[in-house]
Chemist: 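Take a look at this one; I'll ask things after.
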Amino acid sequence: MDAFALLSRGGAQFDKKRFSKEVSLFNGRKRPDEHSVSKPPETDELPAELDFFKYAEGGVHSGRAKKIKNEPRGMEDADEAADSEAEASGSEGDVDAEHTMPTAHRIRCTGEEVPSPITSFSELTSRYSIPPDLLRNVASAGYADPTGVQTQGIPIMLEKRDMAAIAPTGSGKTLAFLLPIFGLLGAPGRSAAKQAGARALIVSPTRELAQQIHNEALKLAKGRKWKTVVLNKATANALRDKAARRKVDLIVSTPLSLVSALEEGIVDLDNIRHLILDEADRLLEEGFLKQIEEILAGCSHPELQKAVFSATLPAAVEAIANTFLRRPIRVIVGLKDSATDTIQQELLFCGSEIGKLQALHNLVADGIQPPVLIFVQSIERATELFHELLYDGLNVDVVHSDRSKAQREETVRRFRRGEVWVLVATELMARGMDFKGVNLVVNYDFPQTVQSYIHRIGRTGRAGRQGKAVTYFTKEDAPYIKSVANVLKASGQEVPQYMLDLPKPSKLKKRELKRRPIERKDIARAAGAGVGRNLANRRRDMISASKRRKVEGEKAEKEVALAEE
DNA sequence: TCGCTTT
């Protein structure tokens, strides 16, 4: 049992079983004062509580803003500049011939000899001889019409061009590389020397995402003899057998698994013709970069096609990508550094740490529609918040990298199936994960980069669905607010003017900031305030939503199971 | 700074 839970309840026995029934759970617990949490400022005035000036020299009115612009460019500035340069350089390769298309969905291509986009999947048969059974699998996986990144990205991939694709979260990037890969793989792996061994490699920053990509690949490969494999301990072992290795067509892997297998000599990348870096900006960050370089070095085939995909690609990282992409085509869908417009975004000022906890309690008490995903900044805080919500009798689980592989898999599976209503997660879940029905993302801890914000909230509002994202902040988060406020503005959300007027803090000041842990006494106080008498009713709503979700989850699992056969 | 990545 968790010692912390015991402590925070003044020694009261903390027993999960107590919460298996809803009865009497919340009796006698007072609903917190509805106004105990500061509401978001409704005016454009700078709230007095927000003493931003200690994070930046000068202030909003000091004329400093102009000066900041003249300082050496940060990544975001460079990005904006890169985009306007592209725009200024003319509409060459711009497929948005008619200006009727809303900016948010506009596709812009730069590069030499950009192939024309497709307008339907069926077109791929005549144009690129894509087999009809592959297209049937596309259709039965639920893809009807190609999305922006697919219309342009698929022909580019099929013409074996290198590419940097930047497209919103939930807009179908996975299919944009998987479909062409299967179209180009040719005959499934046989012992014929030239075809032997893996010919395509997809690298992903997390195991969960690798597994998800693999599941999608299985759906597309259904009924054909292609073999795709996620590299992990078990599969790596199987690959020690040379004959088994020759049968693999497509490998999906995290960087370290792959490097490890490379060093052990149980995979060789000599025959890889298609290399995809998914969530490329993450993979090209320090910490991953060395391994990516090793992987690139291992892919020695002269006809290697490389493509990087992400919803975000800061200019500095794109520059790194451009060192290994050859004659790349850059595809950008929508506006750079903007969130999906189907997500309703809110920034909520909570005053303090305890204010955030109360805000969350109020949110739950007011009723939430599961599934809900809550992001925090560290493993420790994930654990703490998990226990807090468990105490509230919520159907909650937690996922982070300190949990075992089995626990992580089980938690994700249960969340997909609707058995877990609220999932507390670290950055681990921020990228790529496709939980189609997530209704709400809560950024309990303010994301530390714009990229993180965009990816986190992108777990909702996917594939054209509506979604909602609430981001809590306190004055500690001041240095990060302006850039996130700009994201809201760029995606057409209302945002108080004062947030946009904030000075841009220096990197140094950001670095000085440290997030304090959720303090035990804060939790004890907030928990004492209770979750509210309403919860039993709300639970009933949640249960019915959960049941609907479970049906969807099981259906999805069946599809994967079928594909595996 | 922390988060993430093999055994």
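The structure presented is a predicted model; accordingly, all values stated were derived computationally and were not measured. Computed from heavy atoms alone, side chains included, the values below leave out hydrogens, waters and symmetry copies. Letters A, B, ... mirror the listed sequences (proteins, then strands); counts begin at 1.
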Chemist: Does A:R403 reach a base, just sugar-phosphate, or nothing at all? Heavy atoms under 4.0 Å.
Modeler: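 No contact.
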Chemist: For a quick check of understanding: with a heavy-atom distance under 4.0 Å over all strands, which category does A:E263 fall into, base, sugar-phosphate or nothing?
Modeler: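 Nothing: the residue A:E263, judged by heavy atoms under 4.0 Å, touches no strand.
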Chemist: Ring-plane angle category for A:Y480 and A:F446, please: parallel below 30°, perpendicular beyond 60°, tilted otherwise.
Modeler: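 Because their plane-to-plane angle lies in the 30° to 60° range, the rings of A:Y480 and A:F446 count as tilted.
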Chemist: Rounded to the Å, how far apart are A:E427 CD and B:dT5 C1'?
Modeler: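 In whole Å, B:dT5 C1' and A:E427 CD are 15 Å from each other.
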Chemist: With sugar-phosphate meaning primed atoms plus P, OP1 and OP2, does A:P205 contact a base, only sugar-phosphate, or nothing at under 4.0 Å between heavy atoms?
Modeler: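 The residue A:P205 makes sugar-phosphate contact but no base contact.
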Chemist: Once you apply a heavy-atom cut-off of 4.0 Å, does A:Q291 come out as touching a base, just sugar-phosphate, or nothing?
Modeler: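 Result for A:Q291 = base.
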Chemist: Check whether any side-chain nitrogen or oxygen of A:S378 sits under 4.0 Å from OP1 or OP2 of B:dT1, and answer yes or no.
Modeler: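 So the side chain of A:S378 is outside the cut-off, no N or O lying under 4.0 Å from OP1 or OP2 of B:dT1.
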Chemist: Whole Å only: how far is the CG atom of A:N237 from the C1' atom of B:dT7?
Modeler: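 Checked: the CG to C1' distance equals 10 Å.
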Chemist: How is A:I379 classified with respect to the nucleic acid when contacts are heavy atoms under 4.0 Å: base, sugar-phosphate, or nothing?
Modeler: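 Sugar-phosphate contact only - A:I379 comes under 4.0 Å of backbone atoms but never of a base.
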Chemist: Whole angstrom is fine here: how far is it from CG in A:D402 over to C1' in B:dT5?
Modeler: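 In whole Å, B:dT5 C1' lies 13 Å from A:D402 CG.
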Chemist: In terms of side-chain heavy atoms of A:Q448, which of B:dC4, B:dT7, B:dT1 is nearest?
Modeler: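 Of B:dC4, B:dT7, B:dT1, B:dT1 is nearest to the side chain of A:Q448.
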Chemist: Establish, from distance only, whether the side-chain atoms of A:Q212 and A:R416 form a donor-acceptor pair under 3.5 Å.
Modeler: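 Yes, side-chain donor-acceptor contact under 3.5 Å.
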Chemist: To the nearest Å, how far apart are A:N232 CG and B:dT7 P?
Modeler: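 Result: 8 Å.
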Chemist: Provide, to the nearest angstrom, the distance between the CG atom belonging to A:D278 and the C1' atom belonging to B:dT5.
Modeler: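 Going from CG in A:D278 over to C1' in B:dT5 covers 15 Å.
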Chemist: Mapping A:K405 and A:R282 to their closest nucleotides on DNA chain B, which lands nearer the 5' end?
Modeler: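 Here A:R282 is the residue nearer the 5' end.
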Chemist: Can you check the A:M429 CE to B:dC4 P distance for me, whole Å?
Modeler: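 Atom-to-atom, A:M429 to B:dC4, this comes out as 9 Å.
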Chemist: Starting at atom CZ of A:F288, determine the distance to atom P of B:dC2, rounded to an integer number of angstrom.
Modeler: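 One finds 17 Å between P of B:dC2 and CZ of A:F288, rounded.
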Chemist: Using side-chain contact (heavy atoms from CB on, under 4.5 Å) as the criterion, list what pairs up with A:P180, not counting sequence neighbours.
Modeler: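 A:I154, A:M157, A:L158.
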Chemist: Just wondering, do A:I292 and A:P255 contact through their side chains at under 4.5 Å, heavy atoms?
Modeler: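 They are in contact (side-chain heavy atoms under 4.5 Å apart), so the answer is yes.
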Chemist: Give the rounded distance in Å between these two atoms: CZ of A:F446 and C1' of B:dT1.
Modeler: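 My rounded result for the distance is 17 Å.
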Chemist: Output all residues satisfying side-chain hydrogen bond (donor to acceptor under 3.5 Å, both in side chains) with A:R282, sequence neighbours left out; order by chain, then residue number.
Modeler: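 Residues passing side-chain hydrogen bond (donor to acceptor under 3.5 Å, both in side chains) with A:R282: A:E285.
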